[in-house]
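What follows is a short report on a single structure.
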There are 2 protein chains.
Amino acid sequence: MVPRTDPLSREVVDLIATVVARYHEEYEDAAAKHALTGAQAKVLTLLAREPLPMRRIAQQLRCEPSNITGIVDRLEARGLAERRPDPDDRRVKLAAATEEGHRTAVRLGESLDFAREPLASLSTRERTVLRDLLRRMLGG
Amino acid sequence: MVPRTDPLSREVVDLIATVVARYHEEYEDAAAKHALTGAQAKVLTLLAREPLPMRRIAQQLRCEPSNITGIVDRLEARGLAERRPDPDDRRVKLAAATEEGHRTAVRLGESLDFAREPLASLSTRERTVLRDLLRRMLGG
DNA sequence: TATTGTTATACTCTATAACTATA
DNA sequence: TATAGTTATAGAGTATAACAATA
């Protein structure tokens with residue numbers, strides 16, 4: 001058991017907090033470049049992978065299903081997403097990215113340089129060590 | 001230059017994304033335990049360190065100063081913060097944590113077990129390696 | 001004139017509860 | 001009855017623009 005006042009642990013936690021802050025900033029900036037909010041960008045990224053029932057989107061975003069209605073509404077109004085019927089269950093609506101939605105999702109991903117830039121300073125060996133430490137930290 | 005499709009880099013990025021998500025969840029949960037929103041908790045934590053002009057709070061949160069008015073209003077309504085005049089500049093209002101605000105900030109910090117738990121799996125040696133890698137990643 | 005904080009406004013996200021159409 | 005999605009509502013965070021007090 002490591003006390004929170006342990007200087008080393010405290011510094012690691014501070015560094016993680018910095019990573020978290022920078023990650024969020026970059027994500028919001030990348031989304032804003034495409035006139036998307038963070039939530040809209042997250043949903044569009046999900047839909048670009050595969051069409052999803054509204055409820056599944058809510059589970060991924062850890063929010064109430066009622067919120068997804070508005071987010072998909074706004075994506076749909078911009079021609080980035082559409083609702084399709086589910087052939088197996090007429091209660092379900094499958095939200096899916098349109099062609100333009102897919103293109104936007106790709107460009108959004110390219111904007112997310114958080115991946116490339118900070119990791120570029122690390123060698124393959126170091127990235128491997130970092131991966132293993134993060135895995136263990138996350139209880140993987 | 002590391003391509004984003006490099007499997008190792010991709011996995012590290014995914015792990016970081018997981019850390020970010022978990023950090024946020026824990027932070028929101030800890031704040032909610034004290035009936036605070038994330039933004040209110042952030043501001044209260046800042047004010048518990050030292051009184052700050054409204055504008056400085058906005059800079060720390062990277063948002064517009066006008067938003068801070070409402071957040072401090074809500075903290076003030078709950079007796080956790082107060083506005084004081086700045087003796088040096090009568091335009092400035094210094095937001096400060098009240099005694100109860102300080103107590104709440106301390107308990108909030110204790111709730112943030114994100115520090116202890118995941119790091120507990122790592123030895124001192126490993127924490128040191130993690131610290132150095134994060135430092136270099138962040139360009140320190 | 002410039003700066004600090006506030007107000008007014010509009011938009012988005014969020015949770016809760018009630019509603020509809022299906023199952 | 002139960003489930004999927006929606007609507008209605010209210011609260012909070014956000015940016016923008018205009019404002020009063022002070023520098």
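Every chain is numbered from 1, with letters handed out A, B, ... down the list of sequences.
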Residues of residues 51-64 of chain A with any non-hydrogen atom less than 4.0 angstrom from an atom of DNA chain D: list those, numerically ordered, please. A:P53, A:M54, A:R55
Whole angstrom value for the distance that separates C1' of D:dA12 from CD1 of B:I71: 9 Å
Stretch residues 29-40 of chain B: residues that reach within less than 4.0 Å of DNA chain D through a heavy atom: B:T37, B:A39, B:Q40
Give the residues of residues 89-98 of chain B touching DNA chain C, defined as any heavy atom closer than 4.0 Å, sorted by residue number. B:R91, B:V92, B:K93
With hydrogens left out and only the distance checked, is there a donor-acceptor pair under 3.5 Å joining B:S66's side chain and the base of D:dT14? no
Atom OG1 in B:T124, atom CG in A:D6: separation rounded to 0.5 Å? 7.0 Å
So for B:T69 and C:dT7, does any side-chain atom that can act as donor or acceptor lie under 3.5 Å from a complementary atom in the base? no
Interatomic distance, A:D86 CG vs D:dT6 P [rounded to whole Å]: 13 Å
Please determine which of B:V129, B:V12, B:L8 meets the side-chain contact (heavy atoms from CB on, under 4.5 Å) test together with A:L130. B:V12
Can you tell me the distance, in whole Å, between the CG atom of B:N67 and the P atom of D:dT16? 10 Å
Are B:D73 and B:R83 close enough for a salt bridge, meaning some N to O gap below 4.0 Å? yes
Would you give the length of the straight line joining atom CG of B:D89 to atom CG of B:D86, rounded to the nearest 0.5 angstrom? 6.0 Å
Enumerate, atom names and distances included, each donor-acceptor pair closer than 3.5 Å involving a side-chain atom of residues 35-59 of chain B, sequence neighbours excluded.
{"unit_1": "B:T37", "atom_1": "OG1", "unit_2": "B:Q40", "atom_2": "N", "d": "3.2"}
{"unit_1": "B:Q40", "atom_1": "OE1", "unit_2": "B:T37", "atom_2": "N", "d": "3.2"}
{"unit_1": "B:T45", "atom_1": "OG1", "unit_2": "B:A41", "atom_2": "O", "d": "2.8"}

Side chain to side chain donor-acceptor pair (under 3.5 Å) against B:E25, all qualifying residues, sequence neighbours excluded: A:R62
Near DNA chain D, which residues from residues 76-85 of chain B have a heavy atom under 4.0 Å away? none
Taking A:K93's backbone N and O only, do any of them form a donor-acceptor pair with A:R84's side chain (distance below 3.5 Å, no angle check)? no
Rounding to an integer number of Å, can you tell me how far A:R74 CZ sits from D:dT6 C1'? 13 Å
Output the rounded distance in Å from CD (B:E28) to P (C:dC13). 15 Å
